[in-house]
Amino acid sequence: MNKFKTAIKFGKIRVLNVAEKPSVARSIATVLARDHTIEETKSPYNKLFKFNFKLGEQDAEMWMTSVSGHLKNLKYPKQYQKWDKWDPLIILKDAEIENVISYEKRFLEENLQRFAKQCSQLILWLDCDREGENIAFEVLEVCKATNPQIKVHRAHFSAVTYIDIKKALENLKQPDENLSNSVLARQEIDLRIGASFTRFQTLLLQQQFNLSSIVSYGPCQIPTLGFVVQRQKEIDSFVKEKFWFILCEDQTGCAYNWSRGNIFDEMVVLLLFERCFTEQAQVTEVQQREVQKWKPFPLSTIEFEKLASRKLKISAHKAMDLAEKLYNRGYISYPRTETNKFPPTINLQNIIRDQTNHPVWGQYAQNLINFNYDQPRAGNKDDKAHPPIHPVKMMSESDAQTPQEWDIYQLITRHFLACCSKNAKGSETTINLQVKEESFYKQGLIITEKNFLEIYPYDEWSQSQVPKYTKGDLIQINLKVQNGKTSPPKPLTEAELIGMMDKNGIGTDATIHEHINTIQERDYAIKRGQIIKPTKLGLALVESYELLGFTLHKPHLRALMEQRMNEVAQGVKQKNEIVEATIDEMSGILQELQQKKNLILSTFGQYLEALKDYDENNDDENPQNREPNQQNQQLQQQQQRNKPSKKEQQQQQQQQQQQFNFEQQCNTCGTQLVEIKQTNGSILEVCLQCRQAQEKSQPTNSSNFQSKTFKTQTNNNIEETFKCNQCHKQMKIRQSKIKNSYFFGCLGYPQCNQAIFLPDSIKSIQRTEKKCKKCNSILFQTEYSENSTLQQKSQLLCLFPGCSEGLKTEWRNQSKESQSTNLNYSQLKKGYIKQQVQCKKCNSFGHLEDMCNNNAKTMVSLIETNQEDKKDKLCPQCGVTGRHPKGSTCPMKRVKKKNQ
DNA sequence: GCAAGGTC
């Protein structure tokens, strides 16, 4: 208050007070003197409040008025307005810029001039941030120009409460020119870059590609678009990956999570599954603990916009529009705030009390006052200018001008009441199960006290029950191997985009929604529901930058600018220094762009062409069924600068369809089969439920994997033959790899092991549509091997056991080993180990040199070894596969000998 | 016709 002592000799002084906005002027006037008078000015919103106040010992007549944000705006002089007359490089580097009071603000300027003439002191009540500091200089320049003698002071306050305002008056300071200069630097850099790059892009692309809008560039809008494009590219280039996990269910149907989570290696999961397979689990721990669900932080603008978008489905832009209207009608506090903690000086109880008569939440507010009030949590952001958004006047639904306005008011008020409530409380139970070496867990939750959740429907806390077990219980379980696929990233929502921008410092709390709006106005992006997607133009623009090596769409340019602005704000660097450095760098980029003009044109054009089938209106809400698409292929091809023919594209599509077609189901139980590639290249489809495996029928054009064994396999082996005499399921043609022979196996295997074995001499077997005249069973076309003693090498036979018309067969129990395609998991397991290590001595898989012995052979290798044995023993004389009987010689050898 | 940041 010493500042005003010198003025005592003049008696009462007159002090001009200027706030950044009308509402603050009104609030300060109200806080300092309820009996203030209000005078109209030429600017309808910006009133003049007058009141008497004692500044320390000095009597003062206070004149309180306001501006409406910045008075001045940077612009290029008129001669630069013709775009085609000026090289954008001149616009960027050399053209002078004016900082002038815009026409709409002329009445505010007049007000300040008129009031300053009549006052000896000026107190600047602009917001306490960089922009506020810059506006302070704009105001003081106008005032000083009229009244050079006027004494200038700066008030710092973080909330418009009596305590804060009083404290500010007692601690008046001088405005900070460094802060103001940092804003001037930002303004100049943004305008020079924005104007020059926008002109360059528009002049280059607009006419050529018949674009309806200008092709603008801005240091905030383009990185915003960059985030949108980045997500779209992630979605388009996503290739699903299959993963496996073990699911454990108990008798109550409760499913437990595997502590290892999802594993992307099927073999590993099968190994672990085999190792832990059992039907009993032990409850190793039942843990119960009290948990809380935290109430929200006080509401900042960013969080408000995200909530409105996510929960109310109102866009950030619209939400801010509605919030500003509510603010101007006095229902809510100032909605542009970074702050998420309430200052201690604000009387929250009074704000709650205002809501106690509300028809919807009045009783809740009353209970808060009486019993349940809890101090709001303190966030870590404070703009030192505005408190978190909160209601300031009660509004009922009928007072709202639109349903959306009511939704916004509800959100703000319910959020505020939730902040003043207690956290929700619950009891969490965790059950841990041990199944041999594997552990599983399940968590359940019961909410014991809803507290803030009662008033706050925008947050969820879902309850889930778990069975009542105690430690040491042995429970019956059912283990299954299940698989899933990774999902592509979800389409970008507006709320997510706001979060990304906030995190990367793109825009401010007051402008983030405007940048999102701008990229839509410029036709760079489109919003459908809450999803925001790039348009063809947006994709082509960003992809062209990327392909040509420019990083104009990345957020780091803005981050660098922020860093430089900080240096000016701290007085470490001069404004001109950072402006020149930044403009020089950008000049380099602009010159490079100009040199690559033709390349940009062709690249941009090729992208637009490649994207002609891209449908920006197609939302990716359900990406579960997404497979790599044509557009993605095209983009990738474009990047390779090698456009494929239509035929090639079709082939690629076909290949992709084949690649992803692995949804085979078990014939017996319907469980999804898992595919296992064997060392011989063939693929086994394994049912983990029935523990059966079968050969996968190979596509005709991929014969590389087909082994000799399967060339004779019938392709209708899953079709009906005849019914099992035990369980009445179908009998299926199977092939024993051990004996290299065929048999009929029951589909009910392993529960039913009925089988009908066929002679080794049958080389192939095929079901026909013909039926046996005697027993009416299906007939089979059989082929016999060359060394068969039979005269006929092919026969149509009835193979039904006991039927006298055909080959004599009988029902028999198959041993598990006999059905080679019913590999058990130990065998598979060994097979995979075999794939992983290879002996350098014998070149076999499954063991290393120091362990080289015959016992290391596994079932899978045994199968192959048998085949290989036969292959090796293929008689060079007669070509017959298999060994000749021990001690005998090849008959052909004898024939040859005889002929010789 | 360009930017971003204030503001109504």
Who pairs with A:Lys554 by side chain to side chain contact (heavy atoms under 4.5 Å, CB included), at least two apart in sequence or on another chain?
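Side chain to side chain contact (heavy atoms under 4.5 Å, CB included) check on A:Lys554 returns A:Glu546, A:Thr551, A:His556.
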Which part of the nucleic acid does [X] contact within heavy-atom distance under 4.0 Å: base, sugar-phosphate only, or nothing?
X	value
A:Gly507	sugar-phosphate
A:Pro44	nothing
A:Arg186	base
A:Arg130	nothing
A:Arg522	sugar-phosphate
A:Tyr334	sugar-phosphate
A:Gln206	base
A:Phe197	nothing
A:Ser196	nothing
A:Gln221	sugar-phosphate
A:Asp127	sugar-phosphate
A:Glu324	nothing

Does the separation of the ring centres of A:Tyr545 and A:Phe550 fall below 6.0 angstrom?
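No, too far apart.
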Polar contact flag, side-chain donor to acceptor under 3.5 angstrom, [X]-[Y]:
X	Y	value
A:Asn171	A:His156	no
A:Asn46	A:Ser66	yes
A:Ser396	A:Asp399	yes

Does NZ or CZ of A:Lys393 fall inside the cone over A:Tyr331's six-membered ring, less than 6.0 Å from its centre and within 45° of the axis?
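Relative to the ring axis of A:Tyr331, which defines the angle, A:Lys393 lies inside both limits.
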Taking the cut-offs as 6.0 angstrom to the six-membered ring centre and 45 degrees off its axis, would you call A:Arg522 and A:Tyr524 a cation-pi pair?
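A:Arg522 over A:Tyr524 ring: no.
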Of A:Asn328 and A:Leu74, whose closest DNA chain B nucleotide lies nearer the 5' terminus?
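The residue mapped nearer the 5' terminus is A:Leu74.
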Chain A contact limits on DNA chain B, taken 5' to 3' with a cut-off of 4.0 angstrom to heavy atoms:
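Range of nucleotides touched by chain A: B:dG1 to B:dC8.
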